[in-house]
Amino acid sequence: MNRCPLVAGNWKMNGLIVSLAEIAAMRTVYDVGLKARVELVVCPPATLIGLALDIATQGGLGLGGQDCHAAASGAHTGDISAEMLKDAGASYVIVGHSERRTDHGETSAIVRVKAKAALRAGLTPIICVGETRAQREAGEALSVVGRQIEESVPAEAPETIVVAYEPVWAIGTGLTPTPEDVAQMHAFARERIEAQLGGGKSESVRILYGGSVKPGNAGELMSVANVDGALVGGASLTAKDVMAIATAYR
Ligand code: 13P
């Protein structure tokens with residue numbers, strides 16, 4: 001199965017207009033050869049999507065949102081719909097990031113509805129799952145992630161969806177699971193995605209690894225079986241680091 005790897009940068013609550021220069025700088029490294037090997041997407045704060053559109057498009061980069069509301073529009077002060085992200089120029093949206101699950105109490109049931117909203121609007125959802133440190137230490141990592149996939153991935157979703165495995169304890173800590181643990185989790189995740197989608201669709205679903213992906217460990221992590229790219233936080237804020245990560249695919 002030929003899954004084109006995806007490197008997606010999650011800027012989280014970082015980025016001002018001046019940061020658009022980083023997206024412009026990414027374009028110079030993202031040449032024809034690299035484009036053929038890896039898809040590159042930046043998920044800046046929603047305030048920057050419209051402003052980044054021309055810069056990104058000219059360089060063959062995609063844009064994504066970091067969250068969306070389930071509804072298309074309405075009385076939901078402060079929220080942004082998938083349709084609005086699409087309208088602003090996004091083609092992806094992250095849903096169910098652990099920071100949303102923790103900071104905003106988002107359950108997997110809510111994440112599933114958001115993933116459906118993304119699909120309704122013509123966006124590709126990047127559905128995040130991952131266990132906490134306590135859950136891993138208790139030997140529950142596989143069961144927790146299995147349940148999150150079962151409850152967060154819509155059964156009727158197409159094989160174009162993206163799933164990101166982000167162990168909560170690896171986010172922003174400099175810690176990463178061993179390649180063996182990543183291999184075990186990603187193989188397991190693909191099985192659970194197949195149980196959801198059926199029909200062999202899981203073979204086409206890209207499963208990203210996220211959590212302290214850096215230029216120094218990207219080569220090792222990205223070469224693990226069933227790892228189809230990375231969801232990068234801190235290192236995606238500079239063109240230098242994110243392009244060093246993407247270059248692992250050259
Ligand atoms: P870091 O790469 O900063 O660990 O963040 C990972 C992440 O949460 C991406 O969504």
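When a ligand or atom number is given, it counts from 1 through the structure's own listing order. Predicted model only: the values in this text are computed from it and were never measured. Numbers for residues simply follow the sequence, beginning at 1.
Less than 4.0 angstrom separates some heavy atom of N10 from each of these atoms of ligand 1: 9 (C), 10 (O). Within the listing of ligand 1, atoms 9 (C), 10 (O) sit less than 4.0 angstrom from a heavy atom of L231. Against a heavy-atom cut-off of under 4.0 Å, H97 is close to the following atoms of ligand 1: 7 (C), 8 (O), 9 (C), 10 (O).
Contact annotation for I171 and ligand 1: heavy atoms of both the backbone and the side chain come within less than 4.0 Å of the ligand.
Contact of the R147 side chain with the R192 side chain is not registered, since no non-hydrogen atoms from C-beta on lie closer than 4.5 Å.
Side chains of Y165 and Q148: a donor-acceptor N/O pair is absent below 3.5 angstrom, by distance only. Looking only at atom types and distance, the side chain of E166 has a donor-acceptor partner in the side chain of H97 under 3.5 Å away.
Every residue was checked against the side chain to side chain donor-acceptor pair (under 3.5 Å) condition with Q196, not counting sequence neighbours, and none meets it. Applying the ring-ring contact (aromatic ring centres under 6.0 Å, His included) rule to Y92 yields no partners; only residues at least two apart in sequence or on another chain are considered.
Residue, atom and distance of the protein heavy atom nearest to atom 2 (O) of ligand 1 are G233 N, 2.9 Å. Given atom 3 (O) of ligand 1, the protein heavy atom at minimum distance is G234 N, 2.8 Å. Of the protein's non-hydrogen atoms, E166 OE2, 2.8 Å is the one closest to atom 9 (C) of ligand 1.
By the 3.5 Å distance cut-off applied to N or O atoms, K12 is counted among the residues near ligand 1. For E99, no nitrogen or oxygen atom sits less than 3.5 Å from a nitrogen or oxygen atom of ligand 1, counting backbone and side chain alike.
The aromatic rings of Y209 and H186 lie tilted to each other, with the angle between the two planes from 30° to 60°.
Salt bridge E106/R101: absent, no basic N to carboxylate O contact under 4.0 Å.
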> Is there a side chain to side chain contact (heavy atoms under 4.5 Å, CB included) between L61 and Y30 once you walk through the steps?
Replying inline: CA-CA 8 Å; L61 288 117; Y30 196 41; 4.2 Å; yes
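The shortest separation from a heavy atom of G172 to ligand 1 is under 4.0 Å, placing the residue in contact. The closest approach between a heavy atom of S212 and any atom of ligand 1 is below 4.0 Å.
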